[in-house]
Amino acid sequence: MPARLMFIFPAVFLLLSCVTAPREDSAVLEPKTIEQVRDLSHPEFEVHRDRISPEAKAAEKMFMDEIDDLTPEEKAELEREPLTEAEKEALETEIEFDFVLDARETQAMENYFKLYTQRHRNSFQIWLERSEMYLPYIKEVFKERGLPEDLIYLPFAESGFNPRAYSRAGAAGLWQFMPGTGRMYDLRVDWWLDERRNPFLSTYAAADYLARLYDEFECWYLALAAYNAGEGRVGRAMQRSGHENYFDLINGPYLAMETRNYVPKFLAILKILRNLEELGFDPIDWERAPDYRELEIPPGTDLVALSRASGMELDEFKKYNPAFRRDVSPSDSRTKIMLPDTRAQAAVEFLDSPDAEQHAGYHRYQVSSGDSWWRISNRFGVPVSVLKQMNNTTSDMLRPGQYVFVPASGSTHAETSTQDYAQRRGNYEVQSGDTLWDISRKFNVEMQTLIAANGLGGNTIRPGQKLYIPGHTQSGGGDGSRVQTTYSVNSGDTLWKISRKFNVGMDDLRSANDLRGNTIRPGQKLEIPGSSSVTTYEVRSGDTLSGIASRFGVNTRDLQNWNNISRGQVIRPGDRLEVRID
């Protein structure tokens, strides 16, 4: 994993003094000074204090089984694995970067190529799917900066496009910034937020950092090596070796093996991306990402209440805003969030309501005899410095009976405030005999969306109760029919494509059909486990495929597959679409 180092050695200042003005085609963000970075640092705010999620741990494990971690025997076995003709042709593909590799690097590139196309093929396919949410945005930013387009694919080598990925060294996010480097590029890393995990802000920081590295080293080989190891380490290696040429530098013991293999690894990824369909991968869907809308929220916003009012659970909200480390937004500043455009209006309504008032996400704690800032800190798991900041004090003194603000845990407070808000904006009155299922079918709204939007603890409703129906004017109908459970394999089908088409796992498909591998043939009949309900939706003026998919909680690509809609094909009012709902 990359090791971006904070620049704390004198030799680095020599390098920094050589940095030229930004290139004319780049709007490079000027980083903070070392002193400013130190001012932002605090032991209580360090990332290692944050509990890493299971997803982040899985992402870290995924990168541990790479070339540098293989035993000599495993490497030899990998090198002996044969290449198909398609794989041989892919390795010959010319790419934008005119890199020339020696024999050792060529073998390293081939090893990475095999690792991602053979041993970790399923993982690479997952990375491809994740990338679709961010690549259009990254491409636009890098184009603005005048950077080579191929650089937009660096997160494949860094994080597998997982914004919550952490390295063993403490780097985080799509672009794997270390805390100090992130802060130097205006990414907030503290108890409240880790903006290295913000895919949008960190993309601007990565573009600025890459542009600065190229301005400094005037060579993309060295710039990429410095991105991996840190410019201080590469600068010191150049000083010790006396070499200014990348190839001379990597032939000595001056850089870690991971850094020397970084360019071959990146080239292997680029060659795979140039030949996805030929290698049997699904191509990148550049239209999958939703239309994002940026909103600004006040200090102390209750994120649980905000997400539920927007028709989402907190986990879904944090999928679009993974930088938040708490269920409450920072108490000291307004914060920007990103939401799919289809969720934004409900969020705006919530933010304009009394529930979004400053510090709505906190509760008042009454100080008891014997309490101290330290005891309150331990009780609620909030750093003393944050408690004092929230309560606008620097004093160590507390008195019994005094009230202090403490971040609310979220669930109880959020559920109550969401229910109250739903009652005020309710647009449907429950009738005798109604069930949530009936109402969800009537208005084409997922049951979980109804539950979240109304702060319900379960499926129980009562006659006369007011419910808020998100987008209740949208029409559609359902015939309640069932999808066929037998599928005839077509030419060009793969088990992966069929699993995506019917929203079932590949393991479930294999088990249901007694398959030992992934091989299938045209005309073969497959049983599809877990059949789904079919709803027919009539397209209205202003509808888009992504909007309809979001409304029903399905994937845009699945919606296209179910209705034989090709990429770029226009839908028109009056068209009837089949929607399959689990």
Under a 4.5 Å cut-off applied to non-hydrogen side-chain atoms, are [X] and [Y] in contact?
| X | Y | result |
| --- | --- | --- |
| Trp373 | Asn391 | yes |
| Glu316 | Arg343 | yes |
| Ser310 | Phe350 | no |
| Pro340 | Arg293 | no |
| Pro330 | Leu193 | yes |
| Phe161 | Glu129 | no |
| Leu303 | Ile297 | yes |
| Arg164 | Ser159 | no |

Cation-pi check, Arg196 onto Tyr185 ring (under 6.0 Å, within 45° of axis):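 No, a cation-pi geometry is absent between Arg196 and Tyr185.
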Within 45 degrees of the axis of the six-membered ring of Trp191 and under 6.0 Å from its centre: does Arg325 put its NZ or CZ there?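 Judged by the rule (NZ or CZ under 6.0 Å from the ring centre, within 45° of its axis), Arg325 is not positioned above Trp191.
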Taking all non-hydrogen atoms of both residues, which atom of Arg197 and which atom of Phe324 are closest, and how far apart?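 Between these two residues, the closest heavy atoms are NH2-O, 3.4 Å.
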Shortest non-hydrogen separation from Thr435 to Ile461 and the atoms involved: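 Answer, listing the atom of Thr435 first, then Ile461: C-CD1, 3.8 Å.
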Gap between atom [atom2] of [Y] and atom [atom1] of [X] - 0.5 Å precision:
| X | Y | atom1 | atom2 | answer |
| --- | --- | --- | --- | --- |
| Met338 | Leu201 | CE | CG | 8.5 Å |
| Asp208 | Met184 | CG | CE | 12.0 Å |
| Ile337 | Phe317 | CD1 | CZ | 4.5 Å |
| Leu339 | Tyr292 | CG | OH | 10.5 Å |
| Thr335 | Leu295 | OG1 | CG | 12.0 Å |
| Phe266 | Tyr153 | CZ | OH | 9.5 Å |

Could you walk me through whether Phe156 and Ile272 pass side chain to side chain contact (heavy atoms under 4.5 Å, CB included), step by step? CA-CA 11 Å; Phe156 279 104; Ile272 295 171; over 6 Å; no
Quick test of your reading of the model: are Asp327 and Lys318 salt-bridged, counting only N-O distances below 4.0 Å?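 Between Lys318 and Asp327 there is a salt bridge, with a charged N closer than 4.0 Å to a carboxylate O.
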Excluding sequence neighbours, so at least two apart, what forms salt bridge (charged side-chain N to carboxylate O under 4.0 Å, His left out) with Asp332?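 With neighbours one apart ignored, the set is Arg188.
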Geometric class of the Tyr134/Phe200 ring pair [parallel <30°, tilted 30-60°, perpendicular >60°]: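 Perpendicular, since the angle between the ring planes exceeds 60°.
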Would the Trp127 and Tyr116 ring centres measure less than 6.0 Å apart?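 Yes: the rings meet the under 6.0 Å criterion.
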Under the side chain to side chain contact (heavy atoms under 4.5 Å, CB included) rule, what do Leu436 and Leu467 come out as? Steps first, then yes or no, please. CA-CA 10 Å; Leu436 273 180; Leu467 294 180; 4.3 Å; yes
For Asp291, does the CG atom have more than 12 heavy-atom neighbours from other residues, nucleotides or ligands under 6.0 Å away?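 12 or below, so no.
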